[in-house]
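So the structure is just underneath, and the comments pick up after that.
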Amino acid sequence: MSLISQRGVGDNTLSYQNAFKSVLREDPDVIFVGEIRDLASLETALHAASTGHLVFSTLHTLDAKETINRLINMFPAHDQNRIRMTLSSVLAGIVSQRLVRRKDGGRVVAVEVLKNTTHIATLIAEGRDKEILDAIEEGKQVYGSQSFDQALLELVKVGLITEETALENATIVSDMKLKLQGIEISKV
């Protein structure tokens, strides 16, 4: 029970920005953007999100932390604090994925999930990006978030990938080595 309206840049509109402006006039509940490619599109997507629209998009980045940094760094330095505040309040989550080699020769997806909790929002707003990975890992049990390393470790445990593949794709190789040995890492 929904109505889907699609616009293609070049076919139906001259730019992402024009398409965004037009779609907001239709008062949608959900907006899908193929990829955030420029500052104007990002500004419009953030505006749409801040007015209650659910906006989905893609971005070619390695992980959630890099996604946040890429979005913020698209803006000039004098606007970045404002964007940090906006992003921290409108972001629902980030899902990053990597295809890794399976034991049987195919590929399997490893997924990092960031859910924007109060703690994550504070880290984004305050520019404490180095703490985001730890917050993702700490939120696994309560919020359902997970880092790439946690996803890789689970894929090893269920027998889909080798320890070597996990190490090749790990975010922090030294931590992955310890985790594979069953050593719990305490972040203080």
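In what follows, residues are counted from 1 in the order of the sequence shown. It should be emphasised that the depicted structure is a prediction, and the values quoted were computed from it without experimental measurement. We use all heavy atoms of the structure for the numbers below, so side chains are in, but hydrogens, waters and symmetry mates are not.
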When rounded to the nearest 0.5 Å, the distance separating CG of Asp29 from NE2 of His53 is 7.5 Å
Flag side-chain contact, heavy atom, 4.5 Å: Leu180 against Leu167: yes
So which heavy atom on Ile136 is nearest to which on Ser145, and how close? O-OG, 2.6 Å
Quick one: does Ser41's side chain have a donor or acceptor within less than 3.5 Å of a partner on Arg37's backbone? no
Hey, are Glu43 and Arg82 close enough for a salt bridge, meaning a charged N less than 4.0 Å from a carboxylate O? yes
Any chance CD of Glu126 has more than 12 other-residue heavy atoms, nucleotides or ligands included, within less than 6.0 Å? yes
Within one Ile-Leu-Val-Met-Phe-Trp-Tyr cluster: Met74 and Val90, side-chain cutoff 4.5 Å: yes
Evaluate the criterion side-chain contact (heavy atoms from CB on, under 4.5 Å) for residue pair Thr117 and Val142; output intermediate values, then yes/no. CA-CA 11 Å; Thr117 63; Val142 177; over 6 Å; no
Kindly compute the distance separating CD (Gln146) from CD (Gln141), expressed to the nearest 0.5 Å. 10.5 Å
So, the side chain of Asp104 versus the backbone of Gly106: is there a donor-acceptor pair under 3.5 Å, distance only? yes
Can you name the closest pair of heavy atoms from Ala135 and His119 and give their distance? CB-CD2, 3.5 Å
In Å and rounded to the nearest 0.5 Å, what is the CG to OG1 distance from Leu62 to Thr171? 8.5 Å
Starting from Val173, can I reach Ile161 by hopping between I/L/V/M/F/W/Y residues whose side chains sit under 4.5 Å apart? yes
Flag yes if more than 12 heavy atoms outside Glu26 fall under 6.0 Å of its CD atom; otherwise flag no. yes
State which residue, out of Asn116, Thr67, Ile120, fulfils the side-chain contact (heavy atoms from CB on, under 4.5 Å) condition with Leu91. Asn116
Nearest 0.5 Å please: distance from the OG atom of Ser96 over to the NE2 atom of His60. 12.0 Å
Is the shortest side-chain N to carboxylate O distance from Lys65 to Glu112 below 4.0 Å? no
Any side-chain heavy atom of Leu133 within less than 4.5 Å of one from Asp63? no
Minimum side-chain heavy-atom gap Arg70-Leu59 below 4.5 Å: yes
Quick one: do Leu39 and Phe75 satisfy side-chain contact (heavy atoms from CB on, under 4.5 Å)? Show the steps, please. CA-CA 7 Å; Leu39 185 59; Phe75 288 86; 3.3 Å; yes
Is it possible for you to say whether Val30 and Val55 belong to one hydrophobic cluster, with membership spreading through side-chain heavy-atom contacts below 4.5 Å? no
Would you give the length of the straight line joining atom CG of Leu99 to atom CZ of Arg107, rounded to the nearest 0.5 angstrom? 7.0 Å
Say whether Thr58 and Glu35, considering side chains only, have a donor N or O and an acceptor N or O under 3.5 Å apart. no
Under a 4.0 Å N-O cut-off, is there an ion pair linking Glu168 with Arg101? yes
Would you mind checking if Arg84 and Asp79 are paired as a salt bridge, meaning a charged N to carboxylate O distance below 4.0 Å? no
Counting only N and O atoms by type, is there a donor-acceptor contact under 3.5 Å from the side chain of Ser147 to the main-chain atoms of Glu137? no
Spell out, as yes or no, whether a donor-acceptor pair under 3.5 Å connects the side chain of Asp149 to the backbone of Ala170. no
Side chains of Ser174 and Lys177: does their closest heavy-atom pair fall under 4.5 Å? no
Quick check: do Met176 and Leu152 have side-chain heavy atoms less than 4.5 Å from each other? yes
Is there a donor-acceptor pair closer than 3.5 Å between any side-chain N or O of Glu154 and the backbone N or O of Gln150? no
Side chains of Thr165 and Thr162, donor plus acceptor under 3.5 Å: yes
Please tell me if the side chains of Val113 and Ile94 come closer than 4.5 Å, counting only heavy atoms from C-beta onward. no
Give, for atom CZ of Phe148 and atom CG of Leu155, the distance between the pair rounded to the nearest 0.5 Å. 11.0 Å
For residues Val109 and Val156: do they belong to one hydrophobic cluster (side chain heavy atoms under 4.5 Å, members Ile, Leu, Val, Met, Phe, Trp, Tyr)? no
I'd like to check Ile31 versus Leu54 (side-chain heavy atoms, cut-off strictly below 4.5 Å). Are they in contact? no
